[in-house]
Amino acid sequence: MLRIIHGIVADSSIRFAFFAFTLTRLLILVVILLSANTTFDPPVQDEFGDIHESKTLLLNKRPVEVLRRVTLGADSLWFTNIARNGYEKEAFNTNTQHTWAYFPLYPLLLRTAALATGEYPLTGMALSSLLFFFGLVLLYRLVIAYDYVVSTAERTVFYLAAFPVSYFFALAQTESLFLLLTVSCFYAARKDRWWLAGIIGAFASATRFAGIFLMVPLSFMYWQNMRVANRRLKTDVASLLLIPLGLIAFMIYLRSITGNAFAFADIQVAWGHSLGMFWRPLLGFLADPWRVSFGWDFRLLNFASALVALICGLVLLKRRYWALALYTLISVVVPLSFQLSLQSLARYVLVIFPLFLVLAWAGREPRIDQIIRTVFLVLLTLMSAMLAARVTLALS
């Protein structure tokens with residue numbers, strides 16, 4: 001009987017993940033192709049002011065070239081260059097931005113995949129999209145593993161896939177890989193497979209520094225399991241010590257090529273990052289809320305994303321989902337603490353999967369569900385169009 005139930009859940013997880021994946025990826029693709037192939041004539045004057053004539057010709061730019069151009073911007077370009085050429089081997093300095101800020105697992109996977117294709121940008125998009133699909137499947141199963149009904153799992157997956165900046169899951173960046181690894185880590189721990197969770201956690205800490213955050217919620221989950229089972233420490237507690245190994249291996253490598261094991265952190269000053277109180281960028285927005293965007297910073301969207309993440313973390317605390325709450329709060333408070341502005345906060349929030357579970361709880365009310373879906377899809381359409389136009393706030 002249990003095998004039958006597991007088979008049904010497994011099948012539904014793949015089916016619904018495929019639905020959410022296909023719908024949102026097609027939306028992004030269509031919007032990007034339409035936007036990239038739309039041109040505007042010089043403005044002409046009428047009685048109401050300037051007016052622009054526009055033309056949209058889908059054959060104007062080849063889809064392959066449009067997609068290649070989209071994914072060769074901002075962080076995608078850094079990861080692609082690392083995959084091609086490796087890290088810069090020179091004495092540590094902060095005179096300019098360097099590749100040392102970017103963790104190695106995704107570039108290694110991209111380099112391996114590109115050996116078969118002979119091409120990097122589109123291979124990166126395909127790789128990220130595939131990882132994202134598997135991440136959605138695992139997220140669905142994780143929600144079920146927390147004893148929630150299928151409808152809650154479906155809303156969780158759809159909200160994540162439709163999040164306003166979820167196009168990052170299709171770019172040659174770490175979002176898809178990191179999502180898959182963190183969800184898999186929690187899923188393995190939930191199933192009491194601690195050595196597997198530790199190994200996956202090590203891969204996560206080789207993908208992003210935030211992977212090290214997994215030690216906190218997993219340690220708490222292990223302690224909870226001990227209390228429930230009324231057991232003593234077992235040797236599998238050592239699995240938690242595997243999580244930092246990805247970071248430690250990267251630090252050893254950085255030490256060998258730059259002379260500074262902490263080059264990944266120390267180079268952040270080249271991007272203008274510095275340590276401060278996490279509420280600093282939030283108060284910065286509230287001091288001038290009418291400035292919706294500025295440069296690379298879509299301030300309103302980033303502020304709303306950070307605020308929602310903090311609220312969802314507190315809701316998880318109230319409901320005593322301690323591990324999920326700790327992971328959510330740490331994952332949003334740490335990036336807020338190292339930034340003067342809110343730049344990229346929506347992208348950081350994108351991979352904090354527990355907040356989408358909280359939104360799925362709220363979405364049990366049909367009106368709230370409709371509001372979340374509508375707002376997310378409208379903003380995803382808008383942001384995808386700006387991505388195609390290479391507007392900087394869509395790339396941050």
Side-chain angles (χ1 to χ4, degrees), residues 24 27-40 43 52 54 61 65-82 96-99 101-102 106 120-122 124-125 128 163-176 178 208 267-274 280-282 284-307 309 332 335-336 338-351 375-376 378-396:
T24 55
L27 172 64
I28 293 168
L29 178 62
V30 169
V31 171
I32 285 176
L33 292 180
L34 287 174
S35 301
N37 285 282
T38 298
T39 58
F40 296 90
H52 296 263
S54 66
K61 298 177 181 176
E65 293 307 317
V66 171
L67 295 177
R68 183 176 285 115
R69 182 174 64 88
V70 163
T71 199
L72 282 179
D75 283 356
S76 295
L77 184 58
W78 285 97
F79 283 112
T80 302
N81 285 338
I82 294 170
T96 186
Q97 297 172 349
H98 290 282
T99 54
Y102 298 91
Y106 183 85
Y120 283 87
L122 297 182
M125 296 189 82
S128 294
F163 192 70
V165 294
S166 74
Y167 50 77
F168 280 109
F169 287 128
L171 303 183
Q173 299 184 188
T174 59
E175 280 73 20
S176 294
F178 192 71
R208 281 187 174 185
I267 194 60
Q268 295 299 324
V269 298
W271 276 267
H273 297 165
S274 61
R280 177 179 57 176
L282 299 175
F285 171 82
L286 292 175
D288 189 12
W290 306 115
R291 190 186 292 264
V292 173
S293 68
F294 184 77
W296 289 75
D297 186 2
F298 192 166
R299 300 175 76 242
L300 179 58
L301 178 60
N302 288 328
F303 176 81
S305 299
L307 188 62
V332 68
L336 280 172
F338 281 87
Q339 300 202 163
L340 292 171
S341 71
L342 290 163
Q343 183 178 327
S344 301
L345 253 295
R347 178 158 61 93
Y348 298 147
V349 167
L350 176 65
V351 295
V375 170
F376 277 17
V378 168
L379 285 175
L380 178 59
T381 301
L382 174 65
M383 294 296 289
S384 298
M386 287 193 284
L387 176 69
R390 296 181 68 79
V391 178
T392 54
L393 59 84
L395 292 164
S396 71

Distance check, rounded to the nearest 0.5 Å: [X] atom [atom1] versus [Y] atom [atom2]?
{"X": "Arg299", "Y": "Phe294", "atom1": "CZ", "atom2": "CZ", "value": "9.0 Å"}
{"X": "Phe298", "Y": "Leu300", "atom1": "CZ", "atom2": "CG", "value": "5.5 Å"}
{"X": "Ile32", "Y": "Leu27", "atom1": "CD1", "atom2": "CG", "value": "9.5 Å"}
{"X": "Ser293", "Y": "Asn302", "atom1": "OG", "atom2": "CG", "value": "10.5 Å"}
{"X": "Asp75", "Y": "Leu395", "atom1": "CG", "atom2": "CG", "value": "9.5 Å"}
{"X": "Leu350", "Y": "Phe168", "atom1": "CG", "atom2": "CZ", "value": "8.0 Å"}

Side chain to side chain contact (heavy atoms under 4.5 Å, CB included) partners for [X], two or more places apart:
{"X": "Ser305", "answer": "Phe163, Leu301, Ala346, Val349"}
{"X": "His273", "answer": "Gln268, Trp271, Gln339"}
{"X": "Ala304", "answer": "none"}
{"X": "Thr174", "answer": "Phe79, Tyr106, Thr207, Arg208"}

Are [X] and [Y] side-chain neighbours, meaning at least one heavy-atom pair lies under 4.5 Å?
{"X": "Ser396", "Y": "Ser344", "answer": "yes"}
{"X": "Leu282", "Y": "Leu307", "answer": "no"}
{"X": "Leu29", "Y": "Leu33", "answer": "yes"}
{"X": "Pro335", "Y": "Arg347", "answer": "no"}
{"X": "Pro164", "Y": "Phe376", "answer": "yes"}
{"X": "Tyr120", "Y": "Asn81", "answer": "no"}

Side chain of [X], backbone of [Y]: donor and acceptor closer than 3.5 Å?
{"X": "Ser76", "Y": "Leu72", "result": "no"}
{"X": "Ser128", "Y": "Leu171", "result": "yes"}
{"X": "Thr71", "Y": "Leu67", "result": "no"}

Using a 3.5 Å cut-off and no angle test, enumerate the donor-acceptor pairs between side-chain atoms of residues 384-394 and protein atoms at least two apart in sequence or in another chain.
from   : atom 1 : to     : atom 2 : distance (Å)
Ser384 : OG     : Leu380 : O      : 2.7
Arg390 : NH1    : Arg69  : O      : 3.0
Thr392 : OG1    : Gly295 : O      : 2.9

For this session: Apply side chain to side chain donor-acceptor pair (under 3.5 Å) to Arg68 and list each qualifying residue two or more places apart in sequence or on a separate chain.
Result: Glu65, Glu119

